[in-house]
Amino acid sequence: MGNDAGGTGGRSVGWAGVRERVTALRKAPRAGEVFGARWHGFGHDFRLRAPLTEGEVAAAEAELGVRFPADYRGFLLRVGAGGAGPSYGVFPLCRDERGWHWLDGEARSDHAFLTEPFPSAEQQARWTAEVDAREPVAADFPDEASHLAAYRAWNAEYDRVYDLRTAGAVRLSHQGCGYYDWLVVTGPERGTVWEDLRAGDGGLEPRTLPGGGARTSFGEWYLHWLTTATREAHEARGR
């Protein structure tokens with residue numbers, strides 16, 4: 001199981017009072033104008049799931065084979081198992097008859113590669129370039145059937161590389177339009193949040209806060225959202 005070495009490790013965060021600050025925003029005069037809060041029934045509406053117990057978090061870590069970064073662990077214990085947060089909210093960590101998982105709408109997370117080391121940006125780029133270079137070209141095959149068979153095999157390899165690029169990371173939140181945020185839980189980048197722009201032909205990029213170039217931890221990512229959401233929910237129109 002992973003430890004707190006590497007990356008930010010999940011910087012220490014004081015979560016006291018955060019749950020109350022978040023839920024209080026439901027009554028703010030402009031709460032509905034905070035992105036992701038109330039949008040055609042898909043928003044989080046500043047609602048949080050109940051926090052998990054220490055025993056539940058420990059059981060999830062044992063089953064999933066990783067130890068969560070300290071600030072994310074603290075969030076689960078003090079703020080909630082998921083709910084209100086950046087974009088359309090933080091995917092909840094849940095348990096059902098099949099075990100612990102994260103829930104994106106009605107879809108369970110696929111964490112087959114969660115215990116693998118999160119690959120560096122350089123390694124991701126190399127994997128992508130290598131698989132792209134092997135894409136079958138129709139002119140190299142005697143007929144359409146053989147080209148299609150080769151393409152299907154290549155596409156399966158492409159899908160595997162696509163999934164491996166987020167090995168060792170938890171999908172945290174949906175930004176909309178297929179863009180996501182991920183929390184790295186293994187390897188040197190452990191504790192950092194990465195932005196997934198692949199739905200728009202972009203890449204995976206480490207999150208940074210406005211005005212700074214340093215990697216962003218879960219706690220920084222969440223509390224920056226809370227500060228921004230609080231301002232937007234209360235500021236007067238036209239400011």
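Along the sequence shown, residues are numbered consecutively beginning with 1. Atom set for the values below is all heavy atoms of this structure, side chains included, hydrogens, waters and symmetry mates excluded. Keep in mind that what you see is a predicted model, and the values were worked out from it rather than measured.
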Quiz item: Say you draw a straight line from CH2 of Trp127 to CD of Glu122; how long is it, rounded to the nearest 0.5 Å?
Solution: 12.0 Å
Quiz item: Under 6.0 Å from the CZ atom of Arg160, do we count more than 12 heavy atoms belonging to anything else shown?
Solution: no
Practice problem: Using distance alone, with no hydrogens and no angle criterion, decide if Glu220 and Ser217 have a side-chain donor and acceptor under 3.5 Å apart. | Solution: yes
Exercise. Among Val193, Val22, Asp71, find the residue that satisfies the side-chain contact (heavy atoms from CB on, under 4.5 Å) test when tested with Tyr222.
Key: Val22
Self-check item: Whether over 12 other heavy atoms sit under 6.0 Å from Asn155 CG
Solution: yes
Self-check item: Shortest non-hydrogen contact between Val185 and Pro69, atoms and distance
Solution: CG1-CD, 3.7 Å
Exercise. Check the pair Leu76 / Phe68 against side chain to side chain contact (heavy atoms under 4.5 Å, CB included), numbers first and verdict last.
Key: CA-CA 10 Å; Leu76 296 172; Phe68 303 138; 3.8 Å; yes
Quiz prompt | Beyond-backbone contact of His224 with Pro210, side-chain heavy atoms, under 4.5 angstrom | solution = yes
Quiz item: Are side-chain heavy atoms of Arg165 and Thr128 found at a separation under 4.5 Å?
Solution: yes
Quiz prompt | Check: Pro119 main-chain N/O paired with Gln124 side-chain donor or acceptor under 3.5 Å | solution = yes
Exercise. May I have the step-by-step check of salt bridge (charged side-chain N to carboxylate O under 4.0 Å, His left out) for Glu235 and Arg30, ending in yes or no?
Key: CA-CA 8 Å; Glu235 68 183 5; Arg30 295 171 62 83; 5.6 Å; no
Exercise. Starting at CG of Leu77, measure out to CD of Glu56 and round the result to the nearest 0.5 Å.
Key: 9.5 Å
Exercise. Please work out which of the three classes, parallel, tilted or perpendicular, describes the rings of His111 and Trp102, given edges at 30° and 60°.
Key: perpendicular
Exercise. Please lay out, stage by stage, how Phe118 and Trp182 fare under the test ring-ring contact (aromatic ring centres under 6.0 Å, His included).
Key: CA-CA 11 Å; Phe118 182 76; Trp182 294 75; 8.6 Å; no
Self-check item: Pairwise side-chain contact, Val131 with Trp154, heavy-atom cut-off 4.5 Å (strictly under)
Solution: yes
Self-check item: Distance in Å, Phe218 CZ paired with Arg207 CZ, rounded so as to fall on 0.5 Å steps
Solution: 13.0 Å
Self-check item: Close side-chain approach of Val57 to Leu93, heavy-atom, < 4.5 Å
Solution: no
Quiz item: Is the backbone of Val79 close enough, under 3.5 Å, to the side chain of Arg49 for a donor and an acceptor to pair up by distance?
Solution: no
Practice problem: Run the numbers on Leu197 and Leu204 for side chain to side chain contact (heavy atoms under 4.5 Å, CB included), then give the verdict. | Solution: CA-CA 6 Å; Leu197 306 174; Leu204 285 159; over 6 Å; no
Quiz item: Hey, does Asp143 have a side-chain heavy atom less than 4.5 Å from the side chain of His147?
Solution: no
Exercise. Please lay out, stage by stage, how Glu157 and Glu130 fare under the test side chain to side chain contact (heavy atoms under 4.5 Å, CB included).
Key: CA-CA 11 Å; Glu157 180 187 9; Glu130 288 173 351; over 6 Å; no
Quiz item: Which heavy atom in Ala31 sits nearest to a heavy atom in Arg26, and how many Å separate them?
Solution: CB-O, 4.2 Å
Quiz item: Does the salt bridge (charged side-chain N to carboxylate O under 4.0 Å, His left out) test come out yes or no for Arg108 and Asp96, once each step is laid out?
Solution: CA-CA 10 Å; Arg108 296 172 101 262; Asp96 61 16; 3.0 Å; yes
Quiz item: Does CD in Glu54 sit with more than 12 non-hydrogen atoms of other residues, nucleotides or ligands closer than 6.0 Å?
Solution: yes
Self-check item: Inter-residue atom distance Phe46.CZ - Arg38.CZ, 0.5 Å rounding
Solution: 6.5 Å
Exercise. Can you see which heavy atom on Gly219 is nearest to which on Val13, and at what distance?
Key: CA-CG2, 3.8 Å
Quiz item: For Glu232, does its backbone N or O pair with a side-chain atom of His234 as donor and acceptor, under 3.5 Å?
Solution: no
Practice problem: Taking all heavy atoms of Ser87 and all of Ser173, pick out the closest pair and write down the distance. | Solution: CB-OG, 3.9 Å
Self-check item: Nearest heavy atoms of Cys177 and Ala199, plus distance in Å
Solution: O-CB, 3.7 Å
Exercise. Would you check if Cys94 and Leu103 make a side-chain contact, meaning some heavy-atom pair closer than 4.5 Å?
Key: yes
Practice problem: For the pair Glu195 (side chain) and Asp181 (backbone), establish whether a donor and an acceptor sit closer than 3.5 Å, ignoring hydrogens and angles. | Solution: no
Quiz item: Is it true that the side chains of Trp225 and Thr227 contain a donor and an acceptor less than 3.5 Å apart?
Solution: no
Quiz item: Nearest 0.5 Å, what's the CG-CG distance between Leu183 and Leu172?
Solution: 5.0 Å
Exercise. Look at the side-chain heavy atoms of Ile, Leu, Val, Met, Phe, Trp and Tyr, link any pair under 4.5 Å apart, and say whether Trp15 and Leu48 land in one connected group.
Key: yes
Practice problem: Step through the shown structure and confirm whether more than 12 heavy atoms of other residues, nucleotides or ligands are within 6.0 Å of CZ on Arg171. | Solution: yes
Quiz prompt | Approximate separation, where rounding is to 0.5 Å, of Leu25 CG and Leu226 CG | solution = 6.5 Å
Quiz item: Hey, is the main chain of Arg198 close enough, under 3.5 Å, to the side chain of Asp196 for a donor-acceptor pair?
Solution: yes
Self-check item: pair His44-Tyr88: side-chain heavy atoms closer than 4.5 Å
Solution: no
Self-check item: Derivation of the side chain to side chain contact (heavy atoms under 4.5 Å, CB included) call for Thr115 and Thr186
Solution: CA-CA 7 Å; Thr115 60; Thr186 66; 5.6 Å; no
Quiz prompt | Whether over 12 other heavy atoms sit under 6.0 Å from Phe35 CZ | solution = yes
Quiz prompt | Contact check, side chains of Arg73 and Glu61, non-hydrogen atoms, under 4.5 Å | solution = yes
Self-check item: Heavy-atom pair with the smallest gap, counting every atom of Val18 and Leu223
Solution: CG2-CD2, 4.0 Å
